Amino acid sequence: MSYYQPETECASQETLRAIQSEKLVKTVRRVYDNVAYYRNLMQEKGLTPDDIRSADDLSKLPFLSKDDLREAYPYGLLALPLTDVVRIQSTSGTTGKRVVAFYTQNDLDIWEDCCARAIVAAGGDKNDVVHVSYGYGLFTGGPGLNGGSHKVGSLTLPMSSGNTDRQIQFMLDLGSTILCCTPSYAAFLGETILQHGLQDQIKLKAGIFGAEAWSEEMRRDIEKMLNIKAYDIYGLTEISGPGVSFECSEQTGMHINEDHFIAEIINPQTGEVLPEGTKGELVFTSISKEAFPLLRYRTRDICVLNRQPCSCGRTLIKMAKPMGRSDDMLIIRGINVFPSQIETVLLNCGFPANYQIIVDRVNYTDTFDVQVEMTPEMFSDTVKRISSREKDLVTSLRAMLGISPKVTLVAPRSIARSEGKAVRVIDKRKI
Ligand code: DLL
């Protein structure tokens, strides 16, 4: 088993807690002294830095939300003079004001270390060719994994997203062994490789896929198509980017880099901290950041934490795959629907994970349409067979969701492909 930084990845609980306490106390003091926005939030709760003596005092601190980041945009949460900052990244969100995150050189080093841990956990070392097809630029995916790969000493291919034929050409010519991209792009690359009959010529052994929700069924599909082991990676721009947590060989959740981030699970309605093993909203406090440290940042990701011993030897707590967001859950005709549930049904029924959910409101009633791509085999079936498949899918979706969508099977490759995060939901309702 290899580790990138075993002294922390495999440290005892006591050591990790002591690191967290020491760093938290320092971070709180620093933001109170340097960031008026935080000082006000703490003063509103009657808190001073002296009230935070260890990680056990974390729950006394106020939460921070995306709205706070928008309000403080662009420099209101910066904890250092701008002249000490060397990089800006930004969220991939398409609505509202973007969120910007700032990094000092030390912040970048730590972020890249986190990504290096993920690459090593996926079996990477200096002999590997790491093919990075996450977007580069403001999005953190490309720069994060690129930096991590450099730290590991692997040969790094900064492909960025798009131009699928060129991606595959480089993969073949340069013998890429580890692919980093969104799971939906990995599936698309897999499909294209199979279509061209090139599966025996690629040398991939592992993939590091994240930035969007994907199911276990989708993991198995990608693993089969590309003949690799597919690892999950999680992160968010506000907290640094990819590598906040990463999967190991056990593939039963992602280890959180606890020497840099303290995780909590809360009840999204009340803000109450929930015990380990309970489902709730994930909250992160960054304790190593110099430029943009966030205290108790509400991610809106619904998740579960678990500190069972892991066969890989890491002691870092694990988070489950996010199970949806406390804010992207669709409420259709009064029923809660998670896109991930629909994906699970589709894959279980033998459909590819290329689908789109279209929700609208007509005459005060919600409409709920699911368009699903057929495989080429299904597409050559008779019209009668296709419509019977549609009916079967409606039955399976109703069983899972408690509500019936209108299902339309569409031609293979007719749903627009994304080079970044897939657009799964089109909600046209103006509520
Ligand atoms: O998506 C950072 C990233 C890049 C992570 C590359 C992994 C790989 P944002 O654009 O700020 O940052 O989006 C963050 O994406 O709050 C989750 O809702 C979702 N997300 C990220 N990773 C996963 C994952 C990047 N592995 C938001 N599974 C987060 C499910 C994920 N959702």
Side-chain angles (χ1 to χ4, degrees), residues 64-66 69-70 88-101 103 111-112 114-115 117-119 121-122 130 132-149 160-161 178-186 207-216 218-219 222 230-247 251-257 261 263 268 281-284 286 292 294 297-304 318-329 338-340 343 353 418-425:
L64 207 66
S65 69
K66 221 179 199 92
L69 267 57
R70 293 203 174 107
I88 285 176
Q89 303 284 164
S90 180
T91 54
S92 53
T94 47
T95 51
K97 213 183 238 179
R98 277 178 169 263
V99 166
V100 284
Y103 307 73
W111 174 29
E112 291 173 0
C114 290
C115 290
R117 289 180 189 179
I119 293 170
V130 176
V132 185
S133 307
Y134 285 113
Y136 280 65
L138 286 171
F139 179 56
T140 53
L145 270 306
N146 192 97
S149 171
S160 197
S161 51
I178 299 182
L179 172 64
C180 306
C181 62
T182 56
S184 42
Y185 195 51
I208 303 179
F209 307 132
E212 63 182 354
W214 52 312
S215 56
E216 283 303 323
M218 186 166 180
R219 186 206 303 263
I222 295 173
Y231 295 84
D232 204 349
I233 184 166
Y234 169 91
L236 58 165
T237 315
E238 298 90 317
I239 298 298
S240 67
V244 170
S245 65
F246 61 95
E247 222 171 30
Q251 293 184 312
T252 54
M254 293 173 271
H255 289 285
I256 296 173
N257 285 310
F261 316 107
E281 184 182 333
L282 188 57
V283 172
F284 280 112
S286 51
F292 196 64
L294 296 189
Y297 182 68
R298 293 187 58 164
T299 64
R300 299 281 171 192
D301 291 318
I302 300 296
C303 200
V304 175
K318 283 202 272 195
M319 58 179 267
K321 264 182 187 299
M323 300 149 181
R325 291 177 59 86
S326 63
D327 61 355
D328 91 340
M329 183 180 71
F338 284 100
S340 56
E343 191 177 296
S418 158
E419 288 161 359
K421 303 191 191 212
V423 180
R424 299 293 192 206
V425 181

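Whatever order the structure lists ligands and atoms in, that order sets their numbers, starting from 1. What you see is a predicted model, and the numbers here were worked out from it, not measured in a lab. Just so you know, residue 1 is the first one in the sequence shown, and it goes up from there.
The distance from the CG atom of Leu282 to the OH atom of Tyr234 is 4.5 Å, given to the nearest 0.5 Å. Going from atom CZ of Arg298 over to atom NZ of Lys66 covers 12.5 Å, rounded to the nearest 0.5 Å. Expressed to the nearest 0.5 Å, how far CD1 of Ile256 lies from NZ of Lys318 amounts to 11.5 Å.
Closest to atom 21 (C) of ligand 1 by heavy atom, among Ala211, Cys115, Ser245, Ser340, is Ala211. Scanning Thr237, Ile233, Val244, Leu282 for the heavy atom closest to atom 9 (P) of ligand 1 points to Thr237. For the residues Ala118, Gly235, Gly420, the heavy atom positioned nearest atom 5 (C) of ligand 1 is part of Gly235.
Taking 4.5 Å as the limit, every side-chain heavy atom of Val130 sits out of range of all side-chain heavy atoms of Leu145.
Using cut-offs of 30° and 60° on the angle between ring planes, the pair Phe261 and Phe284 is perpendicular. Relative ring orientation between Phe246 and His255 is described as tilted, the plane-to-plane angle lying within the 30° to 60° band.
Here is the list of ligand 1 atoms found below 4.0 Å of a heavy atom in Leu236: 11 (O), 12 (O), 14 (C). Near Thr140, the atoms of ligand 1 lying under 4.0 angstrom from a non-hydrogen atom of the residue are 2 (C).
Contact annotation: for Glu212 versus ligand 1, heavy atoms closer than 4.0 Å belong to the backbone alone.
Checked by distance only, ligand 1 and Thr299 stay at 3.5 Å or farther apart across all their nitrogen or oxygen atoms.
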